[in-house]
A.B. asks: 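Pasting a structure below so you can have a look.
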Amino acid sequence: MALMQVDFHSKTLQMEASLSVIMPEKQQGVGVTPFLREGRHPVLYLLHGTSGDHTDWERWTSIERYASKKGIAMVMPGAQLSAYANMVYGERFFDYIAEELPEFMKAYFPISDRREDTFICGLSMGGYGALKIGLSKPEQYAAIGTLSNGNHAYMLEGVPKELLESPAGEQLFKRFKLCWGLERGETPIGTEQDIFYLAERNRTKGQVLPEIFAACGTEDHNYKMASQMRDFFLGLPGNPYHYTYHEESGGHTWEFWDKWIVAYLEWLPIHL
């Protein structure tokens with residue numbers, strides 16, 4: 001696999017943007033047996049979590065080795081602490097990743113432009129971002145992966161009052177205001193920031209629906225949100241998103257994500 005650091009001027013962000021790109025190669029070094037593919041490659045947009053950046057997946061997992069076995073390209077952008085939103089007080093990271101970046105990649109790299117070859121996945125904040133982008137543009141993605149994550153529109157539900165009034169709670173409210181323009185007492189539930197709202201809108205409009213893969217550790221601090229999301233999707237009549245959920249003992253750690261990104265890649269409907 002070829003690992004590239006790509007820097008370009010984003011018209012959407014109005015600044016220089018950096019991303020990591022992994023592209024399949026026919027020739028590999030000792031110990032690697034790549035899957036050889038002719039033509040354009042399927043592609044996975046892989047999103048980082050809170051406090052991360054575009055280098056996280058490459059630094060903390062063996063994602064390049066996993067990708068080589070599937071002959072799939074990996075695109076790992078940075079989105080700061082944006083919640084993958086068009087921030088009210090910040091940059092338009094949703095438009096950048098959902099619209100500008102795919103067009104840039106198709107123009108400069110040999111990746112497929114077919115929906116059935118295009119996937120998105122993320123961990124924690126990136127898992128929420130993957131769901132938001134994938135469900136906002138279901139015609140663009142065949143499958144979504146979400147690890148250690150729930151519906152962030154419901155993040156404040158069940159949080160103890162003393163925590164909300166602590167410095168940590170204050171920081172959370174500041175992020176909600178930066179990303180979504182929300183003041184204390186306001187909620188993103190029922191808006192385009194709400195995964196359940198997007199999922200129902202697609203279903204009732206008869207949109208083509210991506211399949212969804214989810215996994216979360218039972219000791220993860222997002223486990224309650226992940227369980228809520230599981231119950232929602234599995235409660236939809238006929239499981240229209242072909243929602244698949246996995247859990248096991250584990251926390252909010254790279255050991256967990258390194259294992260389950262492999263499971264997600266095995267689950268993906270990649271045409272070999």
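Numbers here are sequence positions counted from 1.
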A.B. asks: Any donor and acceptor pair, going by atom type alone, linking the side chain of Glu91 with main-chain N or O of Ser82 inside 3.5 Å?
C.D. replies: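 A pair under 3.5 Å: no.
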
A.B. asks: Could you see if Met155 belongs to whatever hydrophobic cluster contains Leu81? Use Ile, Leu, Val, Met, Phe, Trp, Tyr and a side-chain cutoff under 4.5 Å.
C.D. replies: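 No; Leu81 is not reachable from Met155 via cluster members.
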
A.B. asks: Look up atom CD in Gln228 and atom CZ in Arg230, then write down how far apart they are to the nearest 0.5 Å.
C.D. replies: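 Result: 10.5 Å between the selected atoms.
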
A.B. asks: Ring-plane angle category for Trp260 and Phe213, please: parallel below 30°, perpendicular beyond 60°, tilted otherwise.
C.D. replies: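 Because their plane-to-plane angle lies in the 30° to 60° range, the rings of Trp260 and Phe213 count as tilted.
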
A.B. asks: Under 4.5 Å between side-chain heavy atoms, hopping through other hydrophobics if needed: is there a path connecting Tyr45 to Tyr108?
C.D. replies: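 Same cluster.
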
A.B. asks: Might you point out which heavy atoms bring Tyr264 and Ala143 nearest each other, and give the distance in Å?
C.D. replies: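 Looks like OH-O, 3.7 Å.
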
A.B. asks: Do Ile111 and Lys106 come within less than 4.5 Å of each other through their side chains, counting heavy atoms only?
C.D. replies: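 Yes, their side chains come closer than 4.5 Å.
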
A.B. asks: Determine the interplanar angle of the Trp254 and Trp60 rings, folded into 0 to 90°, and report it as parallel if under 30°, tilted if 30 to 60°, perpendicular if over 60°.
C.D. replies: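 If you compare the ring of Trp254 with that of Trp60, the planes turn out parallel.
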
A.B. asks: Please examine the side chains of Pro102 and Met105, heavy atoms only from C-beta on, and report whether any two atoms are closer than 4.5 Å.
C.D. replies: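 No, their side chains stay 4.5 Å or more apart.
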
A.B. asks: Are the side chains of Leu123 and Phe256 in contact, using a 4.5 Å heavy-atom criterion?
C.D. replies: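 Side-chain contact under 4.5 Å: no.
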
A.B. asks: Work out which heavy atom in Pro77 is nearest to a heavy atom in Leu101; give both atom names and the distance.
C.D. replies: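 Pro77 and Leu101 have their closest heavy atoms at CB-CD2, 3.7 Å.
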
A.B. asks: Would you find more than 12 non-hydrogen atoms of other residues, nucleotides or ligands less than 6.0 Å from Phe8 atom CZ?
C.D. replies: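 Result for CZ/Phe8: enclosed.
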
A.B. asks: Could you check whether any side-chain heavy atom of Gln5 comes within less than 4.5 Å of a side-chain heavy atom of Ser20, counting everything from C-beta outward?
C.D. replies: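 Yes - at least one pair of side-chain heavy atoms lies under 4.5 Å apart.
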
A.B. asks: Please name the pair of heavy atoms, one in Met1 and one in Glu64, separated by the smallest distance, quoted to 0.1 Å.
C.D. replies: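 It is O-OE2, 3.2 Å.
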
A.B. asks: Between Leu234 and Asn239, is any pair of side-chain heavy atoms under 4.5 Å apart?
C.D. replies: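 A side-chain contact exists here, since the closest heavy-atom pair is under 4.5 Å.
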
A.B. asks: Could you tell me which non-hydrogen atom of Asp194 sits nearest to which non-hydrogen atom of Ala153, and how far apart they are?
C.D. replies: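 Residues Asp194 and Ala153, closest heavy atoms: CA-CB, 3.8 Å.
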
A.B. asks: Any idea which heavy atoms bring Tyr96 and Ser18 closest together, and the distance?
C.D. replies: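 It is OH-O, 4.5 Å.
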
A.B. asks: Under the side-chain hydrogen bond (donor to acceptor under 3.5 Å, both in side chains) definition, can you give me all pairs with a residue in residues 118-130, not counting sequence neighbours?
C.D. replies: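 Every pair satisfying side-chain hydrogen bond (donor to acceptor under 3.5 Å, both in side chains) with a residue in residues 118-130: Ser124-His252.
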
A.B. asks: Indicate the atoms forming the closest heavy-atom contact of Glu25 with Ala2, along with that distance.
C.D. replies: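 Between these two residues, the closest heavy atoms are OE1-N, 3.4 Å.
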
A.B. asks: Restricting to salt bridge (Lys or Arg N to Asp or Glu O under 4.0 Å), what partner residues turn up for Asp95, sequence neighbours left out?
C.D. replies: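 Arg92.
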
A.B. asks: Can you label the angle between the Tyr154 ring and the Phe196 ring as parallel, tilted or perpendicular, going by 30° and 60°?
C.D. replies: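 Tilted: the ring planes of Tyr154 and Phe196 meet at 30° to 60°.
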
A.B. asks: Find out whether His41 and Phe109 are in side-chain contact, i.e. whether some heavy atom of one side chain is under 4.5 Å from a heavy atom of the other.
C.D. replies: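 Not in contact.
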
A.B. asks: Working to the nearest 0.5 Å, report the span between CG of Leu47 and SG of Cys121.
C.D. replies: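 The distance works out to 8.0 Å.
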
A.B. asks: Do we see a donor-acceptor contact under 3.5 Å between the side chains of Glu186 and Trp180?
C.D. replies: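 No - no donor-acceptor pair under 3.5 Å links their side chains.
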
A.B. asks: Pairing donors with acceptors under 3.5 angstrom, does anything connect the side chains of Tyr66 and Asp258?
C.D. replies: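 There is such a pair (donor and acceptor under 3.5 Å, judged by atom type) between the side chains of Tyr66 and Asp258.
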
A.B. asks: With the side chain counted from C-beta on, respond yes when Met125 and Asn149 share a heavy-atom pair under 4.5 Å apart, and no when they do not.
C.D. replies: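 SC-SC contact between Met125 and Asn149 ruled out.
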
A.B. asks: Cut-off 3.5 Å, side chains only: do Ser148 and Trp257 have a donor facing an acceptor?
C.D. replies: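 Note: Ser148 and Trp257 side chains meet the donor-acceptor criterion.
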
A.B. asks: Cluster question for you: counting only ILVMFWY and a side-chain heavy-atom cut-off of under 4.5 Å, with indirect links fine, are Ile144 and Val208 together?
C.D. replies: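 In one cluster with Ile144: Val208, no.
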
A.B. asks: Show me the donor-acceptor pairs within less than 3.5 Å that the side chains of residues 130-137 make with the rest of the protein, sequence neighbours left out.
C.D. replies:
| residue | atom | partner | partner atom | Å |
| --- | --- | --- | --- | --- |
| Lys132 | NZ | Gln193 | OE1 | 2.6 |
| Ser136 | OG | Lys132 | O | 2.6 |
| Lys137 | NZ | Glu99 | OE2 | 3.3 |

A.B. asks: Taking the side chain from Tyr241 and the backbone from Ala199, do they hold a donor-acceptor pair closer than 3.5 Å?
C.D. replies: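 Looks like yes, one N/O pair under 3.5 Å.
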
A.B. asks: For Lys177, does the NZ atom sit with more than 12 other heavy atoms under 6.0 Å from it, leaving out its own atoms?
C.D. replies: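 Incorrect, the count does not exceed 12.
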
A.B. asks: Could you state the interatomic distance from CZ (Phe232) to CD1 (Ile195), rounded to the nearest 0.5 Å?
C.D. replies: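 Phe232 CZ to Ile195 CD1: 9.5 Å, rounded to 0.5 Å.
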
A.B. asks: With side chains defined as the heavy atoms from C-beta onward, is the minimum distance between Ile22 and Met76 less than 4.5 Å?
C.D. replies: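 Yes; the side chains approach each other to less than 4.5 Å.
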
A.B. asks: More than 12 foreign heavy atoms under 6.0 Å from CH2 of Trp267: is that the case here?
C.D. replies: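 Enclosed: over 12 neighbouring heavy atoms sit under 6.0 Å from CH2 of Trp267.
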
